[in-house]
There are 2 protein chains.
Amino acid sequence: MAKRRPVSNLLGLAVLGLLTEQPMHPYEMGATLRERKLDGSFKVRTGSLYDVVEALQRVGWIAADTTEREGRRPERTVYSLTELGQLEFAQWLDELVRTPVKEYPSFLAAVSYLGALGQERAVQALQERVSVLDTEIRGIQATLAEAERQHVPRLFIIEADYAAAMATAERDWCLRIVREMGEGTLTWPDRPEPTRSALASAGGSS
Amino acid sequence: MAKRRPVSNLLGLAVLGLLTEQPMHPYEMGATLRERKLDGSFKVRTGSLYDVVEALQRVGWIAADTTEREGRRPERTVYSLTELGQLEFAQWLDELVRTPVKEYPSFLAAVSYLGALGQERAVQALQERVSVLDTEIRGIQATLAEAERQHVPRLFIIEADYAAAMATAERDWCLRIVREMGEGTLTWPDRPEPTRSALASAGGSS
DNA sequence: CCACGCATAGTCGGTTCCGACTAATCAGTC
DNA sequence: GACTGATTAGTCGGAACCGACTATGCGTGG
């Protein structure tokens with residue numbers, strides 16, 4: 001068994017990615033990620049950033065270059081990618097693409113207990129979700145269109161493409177469920193008030 | 001602005017859900033979740049379970065019932081849902097369904113740097129992902145079919161339906177990207193060696 | 001010309017999370 | 001009837017994570 005990845009925080013991947021271009025200090029990494037809208041793909045938190053950078057340095061994937069300072073501002077430590085880091089970056093990416101990871105999105109959790117909401121409430125909530133998703137999707141597609149207009153290579157914004165595809169799939173699923181509930185092909189096992197469970201009131205021994 | 005949810009761990013939702021049926025002790029919750037395959041929707045970790053139960057008790061959504069003990073085994077504290085807990089459970093569910101949460105799946109992160117893999121490697125990795133996803137999807141569909149054979153109400157396994165839908169969407173997206181790369185509609189901005197960045201070599205001052 | 005706000009750069013401490021561990025009982029089995 | 005492995009039930013310490021905070025420099029409008 002391969003021992004688990006020494007740096008698991010995905011923000012580390014972003015750091016490595018940035019450093020393939022140029023050496024940088026952590027603050028700049030955060031700013032750059034935000035500029036490029038990559039903060040939609042990576043959870044960029046100042047605290048985590050410094051933690052992750054330290055971790056990457058500890059395992060030797062990046063190295064502290066210079067420690068400069070302008071005026072009396074706090075020091076800026078500039079890091080750059082090591083050769084090992086370059087390999088590991090590609091390796092990590094490759095693995096992330098190849099191998100789906102079990103994840104636990106909150107909507108999956110909610111759906112698992114959808115029954116407890118009762119049919120009417122469930123339908124309403126799903127419809128609201130659909131409308132929020134629609135807005136999101138339109139937003140992403142606007143970005144995509146704008147990028148195309150400016151001849152930005154599609155590969156540079158492929159993550160938006162993916163995000164749109166997944167959001168659309170989710171919206172469609174919600175719509176289907178709402179429809180099925182309307183048509184009666186997805187029926188509600190009776191439990192009008194969520195508390196009154198047949199199982200519970202049967203009063204099992206033990 | 002509503003103050004953030006006092007218990008954020010989604011495992012708490014599962015705990016509340018179980019307690020709508022009957023009082024239980026934490027270990028039993030974990031076992032039950034596993035039996036019902038809900039460990040696919042909730043990250044069930046022993047440690048987290050006890051933490052979350054304590055948190056739920058602290059905010060008064062559940063209450064310790066009895067503390068029994070068999071023989072000299074460790075005590076089992078049985079918890080049950082309070083009235084407040086019942087309301088909050090529905091409220092929480094409703095909100096989770098209504099309002100999509102920004103999440104950071106690892107594949108999204110990977111896709112954001114897909115360019116760095118180089119075209120050939122990217123295609124291969126994507127194809128492998130497709131095949132893994134296909135296996136997963138077939139597995140879920142088998143479960144679904146089996147459940148139908150046994151006349152389990154569809155609502156009880158709706159989360160599997162959702163999971164299948166999303167996995168399928170992801171597979172289709174991967175296939176599309178692979179195809180587009182083959183057809184040349186998704187081209188690789190040249191960057192055979194990931195280091196050489198046009199932006200960088202333009203050489204901004206300062 | 002200085003007060004105020006925004007940008008720069010990073011530290012720090014508390015909470016959350018989780019895996020590894022303890023420890024007793026039970027069900028076989030040789 | 002003692003040993004083995006699985007099941008029951010939970011504890012605990014360390015790692016990861018993140019938000020709130022510090023502190024300086026820069027710009028600008030009244």
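Letters go in sequence order (proteins before strands), and every chain restarts at 1. Quick caveat: nothing in here was measured; it's all calculated off a predicted structure. Basis for what follows: all heavy atoms, side chains included, without hydrogens, waters or symmetry-related copies.
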Colleague: Using whole Å, what does the distance between atom P of nucleotide C/dT8 and atom CE of A/Met29 come to?
Modeller: 16 Å
Colleague: Identify which nucleotide among C/dC18, C/dG10, D/dG10 has an atom closest to any side-chain atom of B/His25, counting heavy atoms from C-beta outward.
Modeller: D/dG10
Colleague: Round to a whole Å and report the spacing from OH of A/Tyr50 to C1' of D/dG19.
Modeller: 15 Å
Colleague: Compile the donor-acceptor pairs under 3.5 Å between side chains in residues 113-124 of chain A and protein atoms, sequence neighbours left out, one pair per line.
Modeller:
| unit_1 | atom_1 | unit_2 | atom_2 | d |
| --- | --- | --- | --- | --- |
| A/Gln119 | NE2 | A/Met181 | O | 3.4 |
| A/Arg121 | NE | B/Asp94 | OD1 | 3.3 |

Colleague: Using atom OH of B/Tyr104 as one end and atom P of D/dC17 as the other, report the distance to the nearest whole Å.
Modeller: 14 Å
Colleague: Whole Å only: how far is the CZ atom of B/Arg5 from the P atom of D/dC18?
Modeller: 19 Å
Colleague: Nearest to the side chain of B/Tyr27 - C/dC18, D/dG10, C/dA9?
Modeller: D/dG10
Colleague: Verify the contact: side-chain N or O of B/Ser48 to OP1 or OP2 of C/dC18, cut-off strictly under 4.0 Å; return yes or no.
Modeller: yes
Colleague: Respond yes when some side-chain nitrogen or oxygen of A/Lys43 is under 4.0 Å from OP1 or OP2 of D/dC17, and no when none is.
Modeller: no
Colleague: Tell me the interatomic distance from B/Glu28, atom CD, to D/dA9, atom C1', rounded to whole angstroms.
Modeller: 12 Å
Colleague: For B/Glu54 and D/dC12, what is the distance between atoms CD and P respectively, to the nearest whole Å?
Modeller: 11 Å
Colleague: Does B/Thr46 or B/Val52 map to a spot on DNA chain C nearer the 5' end, using the closest nucleotide for each?
Modeller: B/Val52
Colleague: So which nucleotide from C/dC17, C/dG10, D/dC17 ends up closest to the side chain of B/Asn9?
Modeller: C/dC17
Colleague: If we count only N and O atoms by modelled type, under 3.5 Å, do the side chains of A/Glu103 and B/Ser106 hold a donor and an acceptor together?
Modeller: yes
Colleague: How many whole angstroms separate atom CG of A/Asp51 from atom P of D/dA15?
Modeller: 12 Å
Colleague: Is there a donor-acceptor pair under 3.5 Å between the side chain of A/Lys43 and the backbone N or O of A/Leu11?
Modeller: no
Colleague: Please list all pairs passing the side chain to side chain donor-acceptor pair (under 3.5 Å) test where one or both residues lie in residues 127-137 of chain A, with sequence neighbours left out.
Modeller: A/Glu128-B/Arg98, A/Arg129-A/Glu170, A/Asp134-A/Arg171
Colleague: Would one find more than 12 heavy atoms of other residues, nucleotides or ligands at under 6.0 Å from atom CD of B/Glu148?
Modeller: no
Colleague: Among C/dG10, D/dA9, C/dG19, which nucleotide sits nearest the side chain of B/Arg45?
Modeller: C/dG19
Colleague: I need the CG-C1' distance between A/Leu10 and D/dC17, as an integer number of Å.
Modeller: 13 Å
